[in-house]
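What's counted below: heavy atoms across the whole structure, side chains too, no hydrogens, waters or symmetry copies. Remember, it's a predicted structure, so these values are computed and weren't measured experimentally. Numbers restart at 1 for each chain; the letters A, B, ... are given by sequence-line order, proteins then strands.
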Amino acid sequence: MRRILLGALALVVLAAGAAPAQPRPVIVVQSGEAATLDWHMHCDKNAHEPDRQIFDTLLRRDLKTLKLEGNLAESWRLLNDTTWQFKLRRGIKFHNGEPLDAAAVKYSIERMLNPKQGAPGRTSIATIDHVDVVDASTVNVVTSKPFPLLPVRMSPGHCGTVGIVPPKYIEQVGDAGFAVKPVGTGPYRFVEWVKDERLVLEANRDYHRGAPAIERLVFRPVPELTTRVAALLSGQADLVSDVPPDQVAKIKAGGVARTEVSTLGGFVIMVKMTNYLMPGPWQDARVRRAINHAIDMDTIIKTVLEGYGQVLGVPLEREAFGFNPAMKWWGYDPERAKALLREAGYAGGFEMTLHAPNRRYMNDIEVMQAMAGMLGKVGIKATVQVWEQSVYTTKWRKRELLPAYMTAWGGAGLFDGDLLVNSLHSKSALAVHKNEALDRVLEDAQGTNDPEKRRALYFKAQEIIFEDAPIIKAYQQAHIFGISNRLDWKPWIDNMLFLYDARLK
Amino acid sequence: MPSGRRTRALIGSPGAGLGLAAVALVTLCALLPGRLAPTDPNEQRLLARFTPPTARTPDGDLALLGTDQLGRDILSRVIHGARTSVLIGMSAVLLAGSVGTSLGLTAGIRGGVADHLIMRLADMQFAFPFILLAITIIGVLGPSVRNIILVVGLSSWATYARVVRAETLAVRERAYVDAARSLGLSVPRIVWRHILPNVSASLIVVATFGVAGAILTEAGLSFLGLGVPLSIPSWGGMLAEGRQFVDTRYWLALSPGAALFATVMAINLIGDALRDALDPYLQTRGTVDRF
C-alpha cells in the first residue's frame with residue numbers, strides 16, 4: 001500500500017514538475033519491465049521498446065520501400081564474397097560525448113559475438129568471423145562464409161541485430177552498470193529508471209538526424225491489459241501496444257484515444273506438426289494436408305481475430321525477400337480432408353493434442369480451440385492443451401509440445417526468406433519436423449550473396465513446404481496500438497516502437 | 001437427539017431448504033447434463049459468437065444466456081460445468097476426508113510419536129502455500145480432472161485430521177469405549193463401532209463446507225489456467241475466458257459466476273443447518289451448562 005501511495009505521489013510530482021515548462025511527458029505503458037537495457041543482452045519486447053529509442057544501428061529501413069539505407073553508416077558495400085565494408089557518418093557522438101567511430105563498431109559487433117558475453121542473439125550473427133578497423137570511419141566486417149543477411153543484421157530489429165554501444169563507457173561502468181544506465185547514439189537519452197515504476201528518457205538534442213519533437217518519454221510497466229487500456233482512456237497513458245480486438249470499440253468510444261493498426265512485420269503464427277518425434281497419423285503428409293483442408297482459416301481470422309490478420313499458408317511475410325506471391329496453400333475443403341484421411345487409413349479419425357500458449361499471440365487460445373472444433377468435424381478429435389508461459393517455453397525448448405504446437409516468428413523486421421530457417425530448418429531451436437531436402441535448400445540459400453540465386457532457392461523451399469505441409473496454414477496477425485489523441489504517431493513495423501518522429505498535437 | 005428431530009430441524013430451517021433445493025438442481029445438472037442442456041457445450045458456431053442473452057443467433061436459435069467468444073451456448077456450458085464442479089468437489093472431499101480421517105484416528109488413538117508426527121505434518125500442510133503446491137503438481141503432471149482432485153484433496157486433508165483427532169481424544173476416554181476395550185474388542189472394531197460413529201457428526205459438517213471450498217478452489221485453479229482442460233466446461237474456466245471481455249461482453253462471466261456463487265452459498269447454508277442440527281451443545285443450549 002505504501003508503495004502504491006509513494007508511486008502515486010511520485011507520478012503527481014513528476015506531472016506537476018513538468019507541467020509549467022512543457023506538456024506532460026509521453027507515457028508508454030508496457031506489459032512488463034525490462035530485465036536489462038543492454039541491447040545485446042535481451043530478446044525482450046519490453047526492453048527493446050525503450051532500447052530502440054536509446055540505441056541506433058548502422059543501417060535502417062526506408063518505411064515505404066522497405067529498402068535498407070544508411071544510418072550511422074553512410075554507405076556500405078560488398079568488397080568480396082566474405083567482406084562487407086561500412087563507411088561511418090562523421091561527427092556522431094554517444095550521449096556521453098564518446099565518439100562513434102570504427103573502434104566502437106568493431107567493439108559492438110565483437111562484444112555480441114563473444115561467446116563469453118552470452119548475448120542471446122549471438123547465433124544470428126555467428127557467421128561473422130572478425131571486424132577490421134580500416135580507419136577512424138571505415139570498418140570491414142569479415143565473415144567465415146557468404147552472409148547475405150549481414151546488412152539486415154546491422155539494421156533495427158529484435159535480438160540478433162547489432163546495436164552500437166560505447167566501448168569506453170562500458171569499460172568504465174561494467175556490464176552490470178551498462179544494463180541499468182545505458183548510453184547510445186539514439187534519439188533519446190537515458191535519464192532515470194525506478195524499478196517497477198518508471199523509466200524516463202529525454203530528447204537527444206544532438207541526434208544525427210535532428211532532435212526529436214518530444215521532450216520526455218516515460219515507460220511504465222502495467223501487467224494487466226485491461227488496466228493498460230483503462231490508463232489510456234483516463235489520459236494517464238499515451239501509447240499501448242498489443243491491444244486485443246475486442247477493446248478497439250471501447251477505445252474508439254472513449255473519445256480520448258484512437259487505434260492504429262500495423263500489418264507490416266506482424267507475427268507470422270503457425271501450428272507446427274512433428275513428423276518424427278512422436279509416432280502417429282501426423283507422420284503421414286496426407287494426414288497433415290487433410291488437417292490443413294479441415295481448417296477454415298479465413299473464418300477464424302474474420303471472427304476470432306475480428307479481421308485483424310491475414311492467411312499466409314507458407315510461414316513467410318508477403319513483404320519478405322524471396323516470398324513467392326504465386327504460392328498457394330491447401331484450402332478449406334472438409335470433404336477433401338475426409339477423403340485424404342480415408343486414403344491414409346484413418347477413416348475413423350484419431351486423437352491429437354494441440355498445445356497452445358497462454359495469451360502470447362492475439363486470441364491464441366481461441367484460435368486453437370476453433371481449429372480443434374473444425375478438426376472435430378472431419379473426425380479428428382483434437383484437444384487443446386494450454387500451458388503457462390514459462391512451462392510452455394521450457395517444453396518447447398525440450399521439444400515436448402507434441403505432436404503439434406503453436407508458435408510464431410517474425411515481428412523482427414527481418415523481411416527475408418531466411419525466416420524459414422528459424423521456423424522450419426530441422427536443426428533450428430524450435431523445429432519438430434524434419435525434411436532433408438528443405439534443410440539443404442535453406443542451407444544453400446544461406447551460402448550465397450547472389451540475390452537471384454537466393455530468391456530461386458526460397459521459391460523452391462516454399463514448394464517443398466507446401467508439399468510436405470509441416471504446419472497448419474500460417475497466418476499473420478495485425479498489431480493494434482492504442483494511441484492518445486494528443487500524440488501524433490503512426491506505428492510501422494510491429495514490436496519496433498520507434499518514437500523519433502512522434503510529436504504532440 | 002432422535003434422528004427424526006434432526007431431520008426436521010434441518011428441513012425446517014428456511015435457509016437449508018433453499019440450499020437443498022439449489023443443490024438438488026445442481027446435482028441434477030451434474031447427473032444428466034446431456035438431457036438438460038439445449039446443445040453440445042463444445043459446439044462452436046464462430047459466426048454466432050458474442051450473441052447476447054435472450055437474443056437469437058444468426059441461425060435463429062435462441063441463446064438464453066448468450067454465446068461466448070467461440071459461439072458456444074453458455075447455458076449448455078453452465079449445465080455441463082455443474083458436472084465438473086460436483087465431481088471435483090465430491091471427489092476431493094472424499095480423498096481429503098479419507099486421508100484426513102485415517103490419519104486423525106491414528107493420531108488420536110495411538111498418541112505418542114505417531115500423534116506428534118501426524119500433527120506436525122498437518123502443521124506443515126497448513127503452513128504450505130496452496131498455490132505453490134498447485135503450480136508444482138499441475139506443472140509437473142499437467143492439468144486434468146484427476147490432478148485437480150489430487151491437488152485439492154491433498155491440500156485439505158489436515159483439517160479433517162485435526163477435527164477427527166480432537167474428537168477421538170474425547171471419545172476414547174468415554175465409558176463405553178473402556179467397556180468395549182475390557183470386553184476384549186480389537187482396536188479396529190472399537191474404531192469402527194464406537195469411535196467413528198461418534199466423530200462422524202463433526203466430520204459431516206466439515207465435509208459439507210469442504211465441498212464448497214473444493215468447488216471454489218477448482219474454479220480458482222481453472223481461472224488461473226491451472227484447472228481442467230479446455231475441452232471440459234467448468235465454471236472457473238468460463239470465468240477465466242470471460243474475464244477478458246468483462247467490460248464489453250458481461251454475459252460471458254456472469255452466468256458461470258452466478259452458478260458458482262449460488263452453489264457455494266447453497267452448500268454453506270446446508271452446512272450451517274447441519275451444524276446446528278448435529279451439534280449437541282447447540283441443541284441442548286439453555287438446559288445444560290456448557291463447560
Side-chain angles (χ1 to χ4, degrees), chain A residues 224-227 229-230 233 243-251 253-254 295-306 351 353-359 362-377 381-392 394-395 400-401, chain B residues 39-52 57-58 67-73 77 131-132 134-145 147 221-234 236-238 240-253:
Chain A
E224 187 61 34
L225 181 118
T226 42
T227 317
V229 173
L233 292 177
V243 174
D246 60 278
Q247 298 281 331
V248 170
K250 197 174 129 193
I251 292 176
I295 288 166
D296 180 1
M297 197 52 104
D298 287 314
T299 298
I300 292 181
I301 286 179
K302 200 168 78 188
T303 56
V304 179
L305 297 186
E306 301 193 14
E351 292 186 10
T353 306
L354 304 174
H355 298 273
N358 193 350
R359 308 267 165 251
M362 185 191 285
N363 294 350
D364 43 15
I365 299 175
E366 288 80 12
V367 170
M368 290 292 258
Q369 284 177 300
M371 285 183 178
M374 289 168 177
L375 289 175
K377 299 220 166 97
K381 196 169 175 288
T383 343
V384 178
Q385 175 84 278
V386 182
W387 298 94
E388 258 329 294
Q389 197 49 53
S390 57
V391 182
Y392 198 70
T394 315
K395 284 192 178 285
E400 285 176 0
L401 298 175
Chain B
T39 65
D40 177 344
N42 284 324
E43 193 200 329
Q44 303 175 358
R45 279 177 292 180
L46 291 178
L47 297 173
R49 63 202 294 263
F50 296 131
T51 306
T57 65
T67 65
D68 67 3
Q69 73 282 7
L70 292 170
R72 297 172 298 193
D73 182 49
R77 291 182 69 72
I131 285 293
L132 192 62
I135 292 175
T136 314
I137 295 187
I138 305 291
V140 173
L141 300 178
S144 73
V145 172
N147 295 341
L221 288 175
S222 294
F223 185 76
L224 292 175
L226 296 168
V228 297
L230 288 176
S231 51
I232 303 171
S234 87
M238 291 174 76
E241 290 178 335
R243 181 183 65 142
Q244 195 192 331
F245 309 100
V246 82
D247 51 349
T248 47
R249 277 94 180 200
Y250 66 90
W251 61 91
L252 267 67

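- Top candidate by heavy-atom pairs under 4.5 Å with chain B, chosen from Arg359(A), Lys395(A), Gln369(A), Gln247(A), is Gln369(A).
- Of all heavy-atom pairs between Pro143(B) and Val386(A), the closest is CG-O, 4.5 Å.
- Among the candidates Ile138(B), Ile135(B), Leu230(B), the residue making the largest number of heavy-atom pairs closer than 4.5 Å to chain A is Leu230(B).
- Of the atoms belonging to Arg72(B), it is side-chain heavy atoms, and not backbone ones, that fall under 4.5 Å from chain A.
- Interface summary for chain A: among Thr248(B), Leu70(B), Leu224(B), the most heavy-atom pairs under 4.5 angstrom belong to Leu70(B).
- Take Asp40(B) and apply the side chain to side chain donor-acceptor pair (under 3.5 Å) test, not counting sequence neighbours, and it matches no residue.
- Within the 4.5 angstrom heavy-atom criterion, no atom of Leu225(A) approaches chain B.
- Note on Asn358(A), Val304(A), Thr394(A), Thr383(A): by heavy-atom pairs under 4.5 Å with chain B, the leading option is Val304(A).
- Contact of the Gln69(B) side chain with the Ile365(A) side chain is not registered, since no non-hydrogen atoms from C-beta on lie closer than 4.5 Å.
- Heavy atoms of Asn363(A) lying under 4.5 Å from chain B belong exclusively to its side chain.
- Taking the side chain to side chain donor-acceptor pair (under 3.5 Å) definition, one finds that Arg77(B) meets it with Asn42(B), sequence neighbours left out.
- Here the CZ-CD distance, from Arg49(B) to Glu366(A), works out to 8.0 Å after rounding to the nearest 0.5 Å.
- In terms of non-hydrogen atom pairs under 4.5 Å with chain A, the most contact-rich of Glu241(B), Gln44(B), Glu43(B) is Gln44(B).
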